[in-house]
There are 2 protein chains.
Amino acid sequence: MSDGLEILPVRGIGDVTAGDDLAELITGAAPWLADGDVLVVTSKIVSKAEGRLVEVPADGPEREEARQRVLAGETARVVARRGNTTIVETHHGFVMAAAGIDASNVDKTHLVLLPRDPDASARRLRADFLARGLDVAIVVSDTMGRAWRNGLTDVALGAAGIEALRDHRGEFDPYGNELSLTQMAVVDELSAAAELVKGKCDQVPVAVVRGYPRHTTGDGAGASVLVRDSAGDMFRWGTAEARALGLREAASGSVPTTGATPDPEAVRRAVALVAADVEQVAAGIRLRPAGTGPAALIRVGADAQRLRAALLAEDVPTDLVIDDDGVTLTFGVPA
Amino acid sequence: MSDGLEILPVRGIGDVTAGDDLAELITGAAPWLADGDVLVVTSKIVSKAEGRLVEVPADGPEREEARQRVLAGETARVVARRGNTTIVETHHGFVMAAAGIDASNVDKTHLVLLPRDPDASARRLRADFLARGLDVAIVVSDTMGRAWRNGLTDVALGAAGIEALRDHRGEFDPYGNELSLTQMAVVDELSAAAELVKGKCDQVPVAVVRGYPRHTTGDGAGASVLVRDSAGDMFRWGTAEARALGLREAASGSVPTTGATPDPEAVRRAVALVAADVEQVAAGIRLRPAGTGPAALIRVGADAQRLRAALLAEDVPTDLVIDDDGVTLTFGVPA
């Protein structure tokens, strides 16, 4: 039964207000803290101590208007919206419902914002403990939803004195297989573990994880390394928002393209989808009216625009060039 | 320091093979197990005990071909693909890279599949412990990636003897605010906590959480309640896949619609996007050629199709009706 962990709640911290010294409040409530402990601190009390509160009307339509203004201020980008739910990317890069703005565990005339820089908050708090002779790690945690799975879990917004990721890359399992893709988000797992003893209404804003090897001496890189950059993110937009992006691209005017040679299979799939009568020409695809008269000419314009969308779905952008005999879609280079 | 949790690794379980009695192996390695403990069991040893292995070539292109066949069999739906990464929805409803198929901690001629029904696996294992006089909860866990955040965490695939969600709805915080949206995925948090003592190469496939109040007497509803149904899922498809869906819709032929009255603001936005010269008519929007000659007729067909895509992006489907004088987009009812 050795090598286990303990998860210990810190009770009796009480209300936190702007300017409070969290290290003092926490050591007062938990005089048993020891070197090597990982303190998982709910971001809300960090925010309160840092004065990250906004005054809002207690009720009425003015409250909702004020909340929307606050939300806009905390939002870098709206990721997805459905009904009353707005998932946004915050200025920190966190993707969260309502930018993490919270109306719970605060009086009705205030909203609590996330700490401005949770890694900096964690570093400051760790320094305050070091000044008291205690070498602890700090994780600033909050509750988040997830894609695909019901229910919320606590994850880390900030960290100091512990590395956010534990890297198994380069290790081998007992069968000799290299663990090539395994980076564990341990500060998220520590936050989740701590939540199990916190509860939501119990006024337990801090839990201590005892026995976890921290693998770092300094502050470490912080929890910001957990924010996936947009280039690596396959779920940058909600499905409805990404579908609308595609539709708006299809609605956009044709842009001049430079010559490119697309995958013939991709072109074949696009042509099959539209079922248009086309001719392959040197630089692209030629469409001619299927009959005589004005309606046939209008029809070929509509078909060409449809084929342009189908090609774009295959990552083959084209320029739409119209003349009196038909349309040429000239191949461009994918963005 | 009361009311805390302990997270205890179970070492010395050794290799698990098909037909092994996991309850016997675990009690042998952890004779200190007690009523009320939550056992977090890595799905891999559950799969191995259940014989959920597939033989594959140890190397060469045949291995990759076999792996792709196995992946197709475990896949209900490809959610997103980029480069070598394929995120799929499994037949269970889990959204995971490579359907959770694993080549680590197994010899090179086998792949390990997820248990067929992890909740049933958890219930069976719990029953096996009950038969030995031990009333424990079982969580079957696995490692998953997440949208938006780097690093992996362990989550629950199956559960028995513990409720997957802890519901705070209907509770009030000390300020009288109702906690309206808070359902915590506690079995995911327990899985994450357990991972902290497991490691990846340490042959610690089971961890015990001691001291967590289970709040249920029977098996409970299982971890399947954590699978979000597609209707509630704002991230059903990867961004690239959803964009392509939109583009393919824009490429699709016009479908007959029934009369509807769309939001005039939505129509105004779509018309502005396309910058087309249009006329509002009773049932929709009318476009006429901007000049004389064949090219102007072709142009109005292309513009009408662009406007149709822009309207669809605003959730206003239309039917495209061509005559010799121009095009009418008639409003339909959103799907």
Side-chain angles (χ1 to χ4, degrees), chain A residues 1 4-8 80 82 95 104-105 107 147-153 165 168 171 173 175 177 179 182-185 188-189 192-193 195-196 200-201 226 228 234-239 242-248 250-251 274 294-295 297-298 301-302 305-306 309-310 312-313 322 324, chain B residues 1 4-8 80 82 95 104-105 107 147-153 165 168 171 173 175 177 179 182-185 188-189 192-193 195-196 200-201 226 228 234-239 242-248 250-251 274 294-295 297-298 301-302 305-306 309-310 312-313 322 324:
Chain A
M1 292 178 64
L5 304 179
E6 288 177 286
I7 320 283
L8 307 166
R82 187 187 290 188
V95 176
S104 69
N105 287 294
D107 74 82
W148 317 311
R149 290 177 76 75
N150 293 318
L152 313 175
T153 63
L165 290 165
H168 294 284
E171 295 178 30
D173 70 20
Y175 296 86
N177 303 301
L179 299 173
T182 309
Q183 279 192 305
M184 299 303 295
D188 282 349
E189 295 189 321
E195 199 284 323
L196 292 166
K200 285 293 152 206
C201 301
L226 297 181
R228 185 167 292 155
M234 295 161 81
F235 298 92
R236 181 162 164 74
W237 299 101
T239 292
R243 166 183 171 270
L245 284 176
L247 285 164
R248 291 204 181 90
V274 172
L297 288 162
I298 295 173
Q305 190 65 37
R306 285 174 57 208
L312 209 44
I322 293 172
D324 278 345
Chain B
M1 291 176 66
L5 304 179
E6 288 177 285
I7 321 283
L8 306 166
R82 186 187 292 188
V95 176
S104 71
N105 288 294
D107 74 82
W148 317 312
R149 290 176 78 75
N150 292 318
L152 312 175
T153 63
L165 291 166
H168 293 285
E171 295 178 29
D173 71 19
Y175 296 87
N177 303 301
L179 298 174
T182 310
Q183 278 193 307
M184 299 303 297
D188 283 350
E189 295 189 321
E195 200 283 322
L196 292 166
K200 286 292 150 205
C201 301
L226 297 182
R228 184 168 294 156
M234 295 161 82
F235 298 91
R236 183 163 164 71
W237 300 101
T239 292
R243 166 183 171 269
L245 283 177
L247 285 164
R248 290 203 181 90
V274 173
L297 288 161
I298 295 173
Q305 191 65 36
R306 286 173 57 208
L312 209 44
I322 294 172
D324 278 345

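As the structure is a prediction and not an experimental result, all values here were calculated from the model. Letters A, B, ... are given to chains in the order of the sequence lines, protein chains preceding strands, and every chain is numbered from 1.
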Checklist entry - What distance do A:M184 atom CE and B:N150 atom CG have between them, rounded to the nearest 0.5 Å? => result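 Taking CE in A:M184 and CG in B:N150, the distance rounds to 13.0 Å.
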
Item to check | Value rounded to 0.5 Å, distance of CD in B:E6 from CG in A:L8 | outcome: 9.5 Å

Checklist entry - Pick from B:A193, B:G151, B:A250, B:A242: which one has the most heavy-atom pairs with chain A under 4.5 Å? => result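 Among B:A193, B:G151, B:A250, B:A242, the one with the most close pairs to chain A is B:A242.
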
Item to check | Option in B:A310, B:A147, B:A244 with maximal non-hydrogen atom pairs under 4.5 Å from chain A | outcome: B:A147

Checklist entry - Hey, does A:L312 have a side-chain heavy atom less than 4.5 Å from the side chain of B:R243? => result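 Sidechains of A:L312 and B:R243: in contact.
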
Checklist entry - Given A:L5 and B:L196, is the side-chain contact (heavy atoms from CB on, under 4.5 Å) satisfied, shown in steps? => result CA-CA 8 Å; A:L5 304 179; B:L196 292 166; 3.7 Å; yes

Checklist entry - Among A:R82, A:R149, A:M234, who wins on heavy-atom pairs under 4.5 Å with chain B? => result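 Sorted descending by pairs with chain B, the first entry is A:R149.
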
Next on the checklist: So for A:D324, is it side chain, backbone, both, or neither that comes closer than 4.5 Å to the heavy atoms of chain B?
Outcome noted: both

Checklist entry - Does any heavy atom of chain B fall under 4.5 Å from the side chain of A:L226, the backbone, both, or neither of them? => result both

Next on the checklist: Please check: side-chain N/O of A:T239 versus main-chain N/O of B:R236, any donor-acceptor pairing under 3.5 Å?
Outcome noted: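 The answer is yes, because a donor-acceptor pair under 3.5 Å joins these two groups.
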
